[in-house]
Structure formats: C-alpha cells, structure tokens
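These notes are about the structure you will find just below.
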Amino acid sequence: MEAWAAEWLNLLLRWLHFVAGIAWIGSSFYFIWLDDHLRAPDHPGDASAAGGELHGEVWSVHGGGFYRAVKFRTAPAVLPAPLHWFKWEAYATWLSGFGLLALVYWYGAGVYLVDPSVADLAPGAAIALSAAFVAGGYIVYDALCRSPLGRNERALGAVLLLLAGLLAFALCNVFSGRAAYLHFGAVLGTIMAGNVFFVIIPGQRRMVAALARGEAPDPAAGLNAKRRSVHNTWFTLPVLFTMISNHFPMTYAYQWNWAALIAIALAGALVRSWFVARHRGRASPLPLFAAALLIAAVAAAVAPRPGVASGLAKPQRSAVSDIDVREVIRERCAGCHSAAPTHPAFPAAPAGLELDTNAQIRAAAARIHQQTVVSRIMPIGNLTGMTEAERELIDRWYGATEPGSR
C-alpha cells in the first residue's frame, strides 16, 4: 500500500511539475520575445491614460484579434489596477520539483540516489549532500551576481560555465548517473526560482511601492530584475534536458557522463542564445552549428562499440540457452520486472516491462542487453548484485538471438 501511495504521489507531483513548468517557461519565453521585439512607438507622447514615458511597443495578432503591448521606460505616472504578476508559475514549478526530488531521490535514496560503484554513501549522507548542492548552488550564484564580477556579463558567464562544469563533475562522482543529471537540473532550476523569489519580484514590489507613494521608481531595481530574467532564459533548455534525461541512460551511464552533461547543457544554452538573437533581427548561425557539433560529439562518444561497450572479455562465444538467461533474469531482474514485483519500492513493473516467461525475455532481448551490458545501469544501483559473469552470459545470449547472428 505504501508503494502504491508513493506511485500516485509521484504521478500527481510530476503532472503538476510539468504543467507549472510549461506555464513558467512559456511566460518567460514570451516576455523575452516581447522585450526583444519592442520598437520605438509610433506616437511617443501616447502613454495611455496612466501617463509616463514609453520605452517601446509591439503589435501582434492572435486568437482572431490584434494586440498592442507597450512598455514604459520606468513606470507609468499612476499605479494601474488590476496589475498582473507572473510569479506563481515559478513557485509552483519549484515546489512540485522539490517534492519530486524528495519523493524519488530522498525517499528512494537507496534505489535512485546512491550508486555504490560511484560512491558508497549512506542514504542519510547522500540526502544531506543533495540538499547542500541544491541550496549551495543558488548561494554561490547569487554571491557572484552581487559581487563586482556581476557587473561584467561576459566574465560572469565564463565563471558560471566553469562552475557548471565543476558541478557536473562533482555530482557525477557522488551520485548515480541518473541522480547526478537530475540534480544538475535541480540546481539550475533553484537558481531560476531563486531569481524570481529573491530578486525579480522584490524589485518589482519596490517599484510598485514607490508608485503608490507618488514617487518615481528607482530604475536599478527593474534593470537588475531584467538581468536575472535573461540569466533564467539561458538555463531553460539545459533544465528541460535534465527533466527528460532519466529516459536516456546512454548519456548518464557513459563513462565520462559529466562531460556529456556539460556538452548537452551548453548546446541547449547555445540554441537558446540563437533564438534570443533571432528575436532582435538577423542572427549568426554559428551558435546552432556549435550546438549541433556538441550533440554529434556526444552521440559519437556514447555510441556502443562491439566488444568495447560492455567492457567484457569474449575469448569465445559459446551458445547460451534461454533457460540459462531466464535463471539470471529471475534472480537479478524479476524482483521488479514481474507481473507481481517482490521489491517493496515497485507496486508494478517499471516501464511495464515484465520478464516472467521465456517469450517475454526474448521479446525484450535488445532492451535487456542495452540496460545490463551496454549502459550497465540495470539492475538499478546493482541492488541485486549482478556479476560480471552474468553480464557476459547475457551478452553471449543476445549475440546468438540477433537476426544477423543466425
């Protein structure tokens, strides 16, 4: 019953996280687009009934009508009502994401967070490190932004890229590959949400408070909020990758998984930079080419190599029967992948993969080989202690079942 409740909580939190993330990133992308498409107003003196100096305007058509959006250089002369805020999307995304982190990687630390082959940590120590990485990431980032370095965007970007590389390396040498990738995204997501909660919204509140007192708002608050919003947009595509990365063990199970993570994250940031530049007019295709080269390099690096990917010696390829492999699967895999799992963490077979019969095992031969021999991520955390001899046996069996081997 406990596993069933955890599974439903996982579903509901993941659904909320997905919906809130769409709302947050969608509005973020829209406002970046809006800012980059502002043009000098056709009638500079027309600042609506609220008064004030216009910074720019943009016309658009959608939903069967025309829209005119204007942006004030600092603020209108009169506080408008109602005034719409964009914050709850960010808060809901972070809160639901933190709930998922706690449910999957803290509650299930022994299964998903700790990999003894990477670092033999006690679950409590691993959870403490997880929390430290997530909180510490924002603290370091915010300190850099508030330091003199923060006034030089290029220098700050270079330092942040270096620190991101160190973060990826540290995470991949402490946690399981899957958990490391997720935590990399969690650190970036926490920075994004922290920017909204600690910088962007407070700055906007100060501007609103000044207007309410009949004073001219300090433009520095708006400029700082804009700077943090731009930082957030660079992080969006890397974060979205980490959200789906658990489906692609070919990346996080790679020997140099931290390097693959940095390359893919950098590719995402480059793609986003191209879109931002494109909003402003003509954009150089170089960021797209660089991103494509990075992705191609990772794809080539993680590609399986016969006789190398598994890391297993193959002096001879004697035949292996289905019965032999079924015994290994029963002992090492069927505790989870069964119509009636015996592992307490799984109320149903993960990914719906059941391996109870010879027919089911043979139908899933490619998946079994990929997960146990090529990527070696299964059994997860090697909880059931699959041996090298058993992996070699599966490798020989799969070689005999491939159509090209007959």
Backbone of [Y] reached by a side-chain donor or acceptor of [X] within 3.5 Å:
| X | Y | result |
| --- | --- | --- |
| Gln360 | Asp356 | yes |
| Asn173 | Phe169 | yes |
| Arg205 | Val208 | no |
| Glu327 | Asp324 | no |
| Gln370 | Ile368 | no |
| Ser27 | Trp24 | yes |
| Thr190 | Ala186 | yes |
| Ser245 | Tyr181 | no |
| Arg332 | Thr387 | no |
| Ser176 | Val114 | no |

So [X] and [Y], would you call those rings parallel, tilted or perpendicular, with 30° and 60° as cut-offs?
| X | Y | answer |
| --- | --- | --- |
| His279 | His37 | tilted |
| Trp94 | Phe98 | parallel |
| His369 | Tyr398 | parallel |

Inset, instruction - Walk me through it: do Arg272 and Phe235 pass the test side chain to side chain contact (heavy atoms under 4.5 Å, CB included)? - result: CA-CA 9 Å; Arg272 184 67 188 132; Phe235 295 150; over 6 Å; no
Legend entry - CD1/Ile323: more than 12 non-hydrogen atoms of other groups inside 6.0 Å: no
Legend entry - Residue Phe275 excluded, over 12 heavy atoms near CZ under 6.0 Å: no
Please report the closest heavy-atom contact between [X] and [Y], naming both atoms and the distance.
| X | Y | answer |
| --- | --- | --- |
| Leu100 | Arg14 | CD1-CA, 3.7 Å |
| Cys336 | Pro341 | O-CG, 3.4 Å |
| Thr74 | Met207 | O-CE, 3.4 Å |
| Tyr252 | Asn257 | O-ND2, 3.0 Å |
| Ile200 | Ala225 | CG1-O, 3.7 Å |
| His17 | Gly97 | ND1-N, 3.3 Å |

Inset, instruction - Indicate yes or no: at least one non-hydrogen side-chain atom of His183 is less than 4.5 angstrom from one of Arg178. - result: no
Inset, instruction - Report yes if the side chains of Phe197 and Tyr91 come closer than 4.5 Å at any heavy-atom pair, otherwise no. - result: yes
With the threshold set at 4.0 Å, does a side-chain nitrogen-carboxylate oxygen contact exist between [X] and [Y]?
| X | Y | answer |
| --- | --- | --- |
| Arg280 | Asp35 | no |
| Arg206 | Glu215 | no |
| Asp395 | Arg391 | no |
| Arg68 | Glu57 | yes |

Could you state the interatomic distance from [atom1] ([X]) to [atom2] ([Y]), rounded to the nearest 0.5 Å?
| X | Y | atom1 | atom2 | answer |
| --- | --- | --- | --- | --- |
| Ile329 | Arg326 | CD1 | CZ | 11.0 Å |
| Gln204 | Leu83 | CD | CG | 8.5 Å |
| Leu383 | Met378 | CG | CE | 9.5 Å |
| Ile377 | Gln371 | CD1 | CD | 4.0 Å |
| Cys145 | Asn224 | SG | CG | 8.0 Å |

Could you tell me whether [X] and [Y] have their ring centroids closer than 6.0 angstrom?
| X | Y | value |
| --- | --- | --- |
| Tyr138 | Phe198 | yes |
| Trp15 | Phe18 | no |
| Phe133 | Phe184 | no |
| His55 | Phe72 | no |

Inset, instruction - Please assess Phe175 against Tyr112 for the test ring pair (Phe, Tyr, Trp, His ring centres under 6.0 Å), listing each intermediate value before the final yes or no. - result: CA-CA 9 Å; Phe175 302 134; Tyr112 293 112; over 10 Å; no
Inset, instruction - Would you please test Leu101 and Val134 for side chain to side chain contact (heavy atoms under 4.5 Å, CB included) and show each step? - result: CA-CA 10 Å; Leu101 175 70; Val134 172; 4.2 Å; yes
Inset, instruction - Check the pair Thr384, Cys333 against side chain to side chain contact (heavy atoms under 4.5 Å, CB included), reporting the backbone distance first and the verdict last. - result: CA-CA 8 Å; Thr384 56; Cys333 308; over 6 Å; no
Legend entry - Ile32: which of Asn232, Val276, Thr236 passes side-chain contact (heavy atoms from CB on, under 4.5 Å): Val276
Return all side-chain donor-acceptor pairs below 3.5 angstrom for residues 284-301, not counting sequence neighbours, or 'none' if the list is empty.
unit_1, atom_1, unit_2, atom_2, d
Ser284, OG, Leu286, N, 3.2

Inset, instruction - Just do the ring pair (Phe, Tyr, Trp, His ring centres under 6.0 Å) check on Phe29 and Trp33 with the steps written out, would you? - result: CA-CA 6 Å; Phe29 278 15; Trp33 177 93; over 10 Å; no
Inset, instruction - Under the side chain to side chain contact (heavy atoms under 4.5 Å, CB included) rule, what do Leu261 and Thr251 come out as? Steps first, then yes or no, please. - result: CA-CA 8 Å; Leu261 174 56; Thr251 57; over 6 Å; no
